[in-house]
Amino acid sequence: MRFIRSTREYHEVYAGHEKRHGALFLFLRRRVSGAEECSVGIVVSRKVGNAVRRNKVKRRVRAYLREHSGQLPLGKLVIIAKSSSGTSNWADIAEDLGRNLTGIRE
RNA sequence: GGAGAGGAUCAUAUAUCUGCUGUCCCGCUUGCGGGAGAGAGGAAAGUCCGAACACCAAAGGGCAGGAUACUUCUUAACUGGAAGUCCUUGUGAAGGGGAGCUAGCUCCACAGAAACAAACCGCCGAAAGGUAAGGGUGAAAUGGCAGAGUAAGAGCCUGCCAGAUUCUGACGUGAGUCAGAAUGCUCGGAAAGCCUUAUCCGGUGCAAUGCCAAAUAGGGAAGCAGUCUUCGGACCCGGAUUUGCCCGAUCCGGUUUGCUUUCGGGUAGGCAGCUUAAGCCGGCUUAAAUGUCCCGGUUGGGAAUAGCAAUAUUCGGCUUAGAGAAAUAGAUGUAUGAUCACUUGUUAGGUGAUUAACAGAAUUCGGCUUAUGACCGUCUCCGACA
RNA sequence: CGGGAUGUAGCGCAGUUCGGUAGCGCACACGGCUGGGGGCCGUGGAGUCGUAGGUUCAAAUCCUAUCAUCCCGA
């Protein structure tokens, strides 16, 4: 697993993707033929809260992805936080991520 | 006990598991593994001031534009800080504010005769004219009371009260305070209206700036795609014309065009700038944090000395984030603190539950402003008791 | 890092230059015209002008601070 760090890769995913709505997050997935790992980008906008709250959401998402790095779908994936994710606790975030990531993989 | 004013301090600690970003060391498979050690704030925020640093511009001066505005001290500098002074708000502790409407222009709604200009009504007078007492509106109308005076009146004059200006003396570095005297001086308000006076200010900002530099396109240079030669040219190749095609003819080109190599600019990208500081503590020395010298300067710049250089310049110790779609964490416990509920042996303790205030470095530093939890001591007012 | 704009009735906007009465359209309520609806006509309500402080006799307007939203440049 690696993280997306360039504007070009983000626009690549925005140009063509499959969309899936969760309770707290929005998932954009682009299939890449021959991909052997998953590239993940996390987007948290100002709607979620102030800088401390946005950082906390990003850290929690990253922590979940590291713990479950073997169960991610192949290709490129962008996770966009919805505004309600800023006030949720760890159990809700982990449950929403787990359900939707398994749904995307199958 | 309640209500308030202003000030200082801290920003919960720790354990286990799983992880992140730099630095140093070791190992080799040269980009991985192992080890050690470090890793958000008082406001990191707002970006409101001031500086350092970088680049651009620049003889000097002025205009324009912008900022500031009581006094003294302080600071590298500042819309910063300290103390004081006057005005003002508050019962008070305390808080807020400060150049100039006797240079000029402009504005002052409604009401009112009139809003700074002396007119109108009125009063006096035969008239010319004099007058600002009366006009009751307004936020604001040329100081108030009494007397004298007059044709009628008026600080026109006199006394008292209120204020202003000037002078003198005392105190203070100064803003200014106090006392005395003189002048009938009594002048409307607004400069957070234009403006005047004094002082200061070149511009842009780390996405500054410097270095390395892929692919594609375009530019410069060289070579190859050709032999003979008497250097005129011939053959050859390419193009055009000659009706569509072929031959031939004529003209033009071989300095074209294509390929290869190479050069510089420069994009993506990468590296530097990038973190050790306008610090703290102690000793020595000195009149003094005075510390080789200079630039008003503990930063910075320049010089000198030492050193190959980095660097150091009174010596020793301590602190030390440096990322780049942006790390500094996630989870589970324990203890402390807060709130609520229940309970006991009730100035105290136990059990359970809940929540961790505001908030995340982005070149660096000094301030200001704003957000916010807890605790400490000081002061003021009110109430009760002794 | 730097520059700029906006905030006024439920919604969209005037009024701010140069201080003095807060207005327009849609929407809303009531009444009338119609058998009813639509439409038209008339009447009316609704605002501490984003917040706080100051200047002034008087502030939506001037000054200062602050909050929110939006835009632009390197």
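This one's a predicted model, so the numbers in the text were calculated from it and none came from an experiment.
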(message) Using a 3.5 Å limit on both distances, find every run of at least three consecutive Watson-Crick or G-U pairs that involves RNA chain C.
(response) C:1-7 with C:67-73, C:10-13 with C:23-26, C:28-33 with C:39-44, C:50-54 with C:62-66
(message) Taking syn as a glycosidic torsion within 90° of 0 and anything else as anti, which one is B:G232?
(response) syn
(request) Return the set of residues passing side chain to side chain donor-acceptor pair (under 3.5 Å) with A:Asp96 (not counting sequence neighbours), or none when no residue passes. (result) A:Asn100
(message) Taking ring-ring contact (aromatic ring centres under 6.0 Å, His included) as the definition, give me every residue that meets it alongside A:Phe27, ordered by chain and number, with sequence neighbours left out.
(response) none
(message) For A:Lys76, give me all partners under salt bridge (Lys or Arg N to Asp or Glu O under 4.0 Å), at least two apart in sequence or on another chain.
(response) A:Glu9, A:Glu12
(message) Any side-chain N or O of A:Lys56 below 4.0 angstrom from OP1/OP2 of B:A359?
(response) no
(message) In whole Å, measure the gap between the C1' atoms of B:A323 and B:G39 for me.
(response) 11 Å
(request) Can you tell me, in whole Å, how much space there is between the C1' of B:G302 and that of B:U313? (result) 16 Å
(request) For A:Val43, enumerate each residue passing the side chain to side chain contact (heavy atoms under 4.5 Å, CB included) test, keeping only those at least two apart in sequence or located in another chain. (result) A:Tyr10, A:Tyr14, A:Val78, A:Ile80
(request) Hunt down the Watson-Crick or G-U wobble partner of B:A329, both distances under 3.5 Å, from any strand shown, or write none. (result) B:U18
(message) Say we look at B:C271 and B:G50: how far apart would their P atoms be, to the nearest angstrom?
(response) 35 Å
(request) Give the rounded distance in Å between these two atoms: CZ of A:Arg54 and C1' of B:A45. (result) 12 Å
(request) Report yes if the side chains of A:Arg29 and A:Leu77 come closer than 4.5 Å at any heavy-atom pair, otherwise no. (result) yes
(request) Applying side-chain contact (heavy atoms from CB on, under 4.5 Å) between A:Lys56 and each of A:Arg59, A:Arg53, A:Arg60, report the one that passes. (result) A:Arg60
(request) Could you measure between the two P atoms, the one in B:U229 and the one in B:A249, and give it in whole Å? (result) 25 Å
(message) Just so I know, are the side chains of A:Phe25 and A:Val57 near enough to count as touching, which here means a heavy-atom distance under 4.5 Å?
(response) yes
(request) Measure the distance from CZ on A:Arg60 to C1' on B:A329 and round it to the nearest whole Å. (result) 11 Å
Taking only N/O atoms, report every protein-nucleotides 324-328 of chain B pair under 3.5 Å with atom names and distance.
{"residue": "B:A325", "atom": "O2'", "partner": "A:Ile4", "partner atom": "O", "Å": "2.9"}
{"residue": "B:A325", "atom": "N7", "partner": "A:Thr7", "partner atom": "OG1", "Å": "3.4"}
{"residue": "B:A325", "atom": "N6", "partner": "A:Thr7", "partner atom": "OG1", "Å": "2.4"}
{"residue": "B:A326", "atom": "OP1", "partner": "A:Arg5", "partner atom": "NE", "Å": "3.3"}
{"residue": "B:U328", "atom": "OP2", "partner": "A:Arg59", "partner atom": "NE", "Å": "3.0"}

(request) Name every residue in residues 19-28 of chain A that has at least one heavy atom under 4.0 Å from any atom of RNA chain B, in order of residue number, or write none if there are no such residues. (result) none
(message) With rounding to the closest Å, how many angstrom separate the P atoms on B:U369 and B:G98?
(response) 15 Å
(request) Output all residues satisfying side chain to side chain donor-acceptor pair (under 3.5 Å) with A:Arg99, sequence neighbours left out; order by chain, then residue number. (result) A:Glu95
